[in-house]
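One structure below.
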Amino acid sequence: MYDYNKIIDSVYKQTKHIKSGKKAHYIPELAKVSSSIFAISICDVNGNLYHKGDYTSKVAIESISKLFSLSLAVKKHGVDTVFKKIGMHGSFLPFNSIIAAKLAPSHTINPFLNQGAMATTSLLYQKNNKAFKKSILDNMNDFASKRLSVGKDIYESESETNSINMSLAYLLKNNKRFYAPVIPTVDTYTYQCSVKVTSDDLARMASVFANGGVNPKTNKELLTKKQTEYILNNLLPEGLYEYSDEWIVKTGGDAYAKSGVGGGILIVIPGVCGIGIVSPRLDKHGNSKRGVSAGIKLARKLSKKLFKKKSNKTRKRYNSKKNKTRRKK
């Protein structure tokens, strides 16, 4: 149906010149990643993988991990419980805004802002901290169809700079919107954000959502269709933070994207493919600058069109009815 190699090659050439944006510096270890890394990968719903560029280079998954803790929470507690405990509201403030968490009626706001994401991770809490972390990582492994690893240096760097996240977690705890002890939960949340991924990994992980919750490589059902729809419906308006509305307009609402400040972007085109893009320079919202540009171009080429041209058969039928109406008059 699609010549994925040709599509990737075209988009890669159109966007590789983009050098604007800056790496995340508030987490020191992320600032050390090479700015020149650029890779695009596609995994279709049959499990076929296509890629271009630095597709073996790894970056921290960061906020893209929120998608998988939400998936695990939905599997464990069900859609209704997760919606009740986390909610789904929009926010025009940054992803780690204490003001937003304080003023919003739900405080958690949604699963893709830091406060809601940490509350989601708290729903997965286990007293055994090692088992808690393992369950999070094992779930991501199932989506990636391989064993992923945690960047020790990234984990330590983030742990030393997570004071805002700790503040958010205690604020939620005070408002009874955090469902486990704060310190081990924030620690596990930091751990999940420190998992290292390539563009290939992100494409494979995205392909599970594109395939209705079934991993196209292993044929293992990781989510039901209902759970998958709930997660994607949550993702569409919030996956790229304050840029999400513009993304929807530019892609027609058929492409579901999640970014991370490590420079990765995961994109889901339902029924078609999963896309992984890696490029560390970020825009003002915390999304990969080059990744967003490439993602829009890919989404326009691969997603379903909102308005399709009428087929010749449909046109003939329409014209026939119109002529009959005229004859009656």
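Around atom NZ of Lys76, more than 12 heavy atoms belonging to other residues, nucleotides or ligands sit under 6.0 Å away. Within 6.0 Å of the NZ atom in Lys13, the count of heavy atoms belonging to other residues, nucleotides or ligands does not exceed 12. For Tyr243, the OH atom sits in a packed shell: over 12 heavy atoms of surrounding residues, nucleotides or ligands are nearer than 6.0 Å. The local environment of OH in Tyr55 is sparse, with at most 12 non-hydrogen atoms from other residues, nucleotides or ligands closer than 6.0 Å.
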* **Evaluation steps, side chain to side chain contact (heavy atoms under 4.5 Å, CB included), between Ser194 and Glu158** => CA-CA 8 Å; Ser194 304; Glu158 293 206 36; 4.0 Å; yes
* side chain to side chain contact (heavy atoms under 4.5 Å, CB included) evaluation trace for Leu113 with Tyr241 -> CA-CA 8 Å; Leu113 298 182; Tyr241 306 115; 4.2 Å; yes
* To do: Take Ile277 and Leu202 through the test side chain to side chain contact (heavy atoms under 4.5 Å, CB included) and record every step on the way to the result.
  => CA-CA 8 Å; Ile277 305 173; Leu202 292 174; over 6 Å; no
* Trace of the side chain to side chain contact (heavy atoms under 4.5 Å, CB included) decision for Ile86 with Leu123 -> CA-CA 10 Å; Ile86 306 299; Leu123 291 172; 4.1 Å; yes
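Both tests do not hold together for Arg204 against Phe143: distance to the six-membered ring centre under 6.0 Å, angle to the ring axis within 45°. Within the cation-pi definition used here (under 6.0 Å to the ring centroid, within 45° of the axis), Lys85 qualifies as a partner of Tyr179.
A pairwise comparison of heavy atoms in Ser259 and Ile265 identifies CB-CG1, 4.1 Å as the closest pair. Closest non-hydrogen pair, Ala180 versus Thr185, comes out as CB-OG1, 3.5 Å. The shortest heavy-atom contact between Gly260 and Ile64 is N-CG1, 3.7 Å. Here the shortest heavy-atom pairing between Ser199 and Val278 reads N-CG2, 3.8 Å. Minimum interatomic distance between Pro270 and Asp254 (heavy atoms only, all atoms of both residues): CD-O, 3.5 Å. Here the closest non-hydrogen pair linking Lys173 and Pro181 is NZ-N, 4.2 Å.
Residues Gln192 and Thr121 are in side-chain contact: their nearest non-hydrogen atoms beyond the backbone lie under 4.5 Å apart. For the pair Phe132 and Asp187, the minimum side-chain heavy-atom distance is 4.5 Å or more. Contact check for Asn129 versus Thr188: side-chain heavy atoms found under the 4.5 Å cut-off. Between Met140 and Met205 there is a side-chain heavy-atom pair separated by less than 4.5 Å. Looking at heavy atoms from C-beta onward, Thr161 lies out of side-chain contact with Tyr26 at the 4.5 angstrom threshold. With a 4.5 Å cut-off on side-chain heavy atoms, Ile267 and Trp247 count as touching. At a threshold of 4.5 Å between non-hydrogen side-chain atoms, the residues Leu302 and Ile275 count as touching. Considering only heavy atoms from C-beta on, Leu282 stays 4.5 Å or farther from Asn287 through its side chain.
Atoms CG and CD1, on Leu298 and Ile42 in that order, are 5.5 Å from each other to the nearest 0.5 Å. Between the NZ atom of Lys217 and the NZ atom of Lys146 there is a distance of 9.0 Å, given to the nearest 0.5 Å. Atom CZ of Arg147 is separated from atom CG of Asp142 by 11.5 Å, given to the nearest 0.5 angstrom.
By the 4.0 Å N-to-carboxylate-O rule, Glu29 lies close enough to Lys32 to be salt-bridged with it. The existence of a salt bridge linking Glu156 and Lys152 is confirmed by a sub-4.0 Å separation between a basic side-chain nitrogen and an acidic carboxylate oxygen.
Ser71 and Gln227 share no side-chain donor-acceptor pair at under 3.5 Å.
Between Tyr4 and Tyr2, the ring planes are tilted. Angles from 30° to 60° get that label.
When atom types are taken as modelled, the side chain of Thr15 and the backbone of Ser293 share no donor-acceptor pair closer than 3.5 angstrom. In this structure, Lys75 contributes its side chain and Leu223 its backbone to no donor-acceptor pair below 3.5 Å.
Linking ILVMFWY side-chain heavy atoms closer than 4.5 Å, directly or via other members, places Val79 and Leu235 in a single hydrophobic cluster. Cluster annotation: Val268 and Leu236 are assigned to the same hydrophobic cluster (Ile/Leu/Val/Met/Phe/Trp/Tyr, side-chain heavy-atom contacts under 4.5 Å, transitive). If you chain together hydrophobic residues whose side chains sit under 4.5 Å apart, Tyr125 and Leu72 fall into the same group. By the criterion of side-chain heavy atoms lying less than 4.5 angstrom apart, applied directly or through intervening Ile, Leu, Val, Met, Phe, Trp or Tyr residues, Leu266 is not grouped with Leu49; the two fall into different hydrophobic clusters. In the hydrophobic cluster analysis, where Ile, Leu, Val, Met, Phe, Trp and Tyr join through side-chain heavy atoms closer than 4.5 angstrom, Phe209 is grouped apart from Val214.
Under the side chain to side chain contact (heavy atoms under 4.5 Å, CB included) criterion, Ser36 pairs with Ser34, not counting sequence neighbours.
Looking at Asn114, Thr120, Asn110 one by one, the single match for side-chain hydrogen bond (donor to acceptor under 3.5 Å, both in side chains) with Lys66 turns out to be Asn114. The only option from Asp201, Asn215, Thr218 that meets the side-chain hydrogen bond (donor to acceptor under 3.5 Å, both in side chains) definition with Ser145 turns out to be Asn215. For the salt bridge (Lys or Arg N to Asp or Glu O under 4.0 Å) test with Asp9, the passing option among Lys16, Lys52, Lys301 is Lys52; the others fail.
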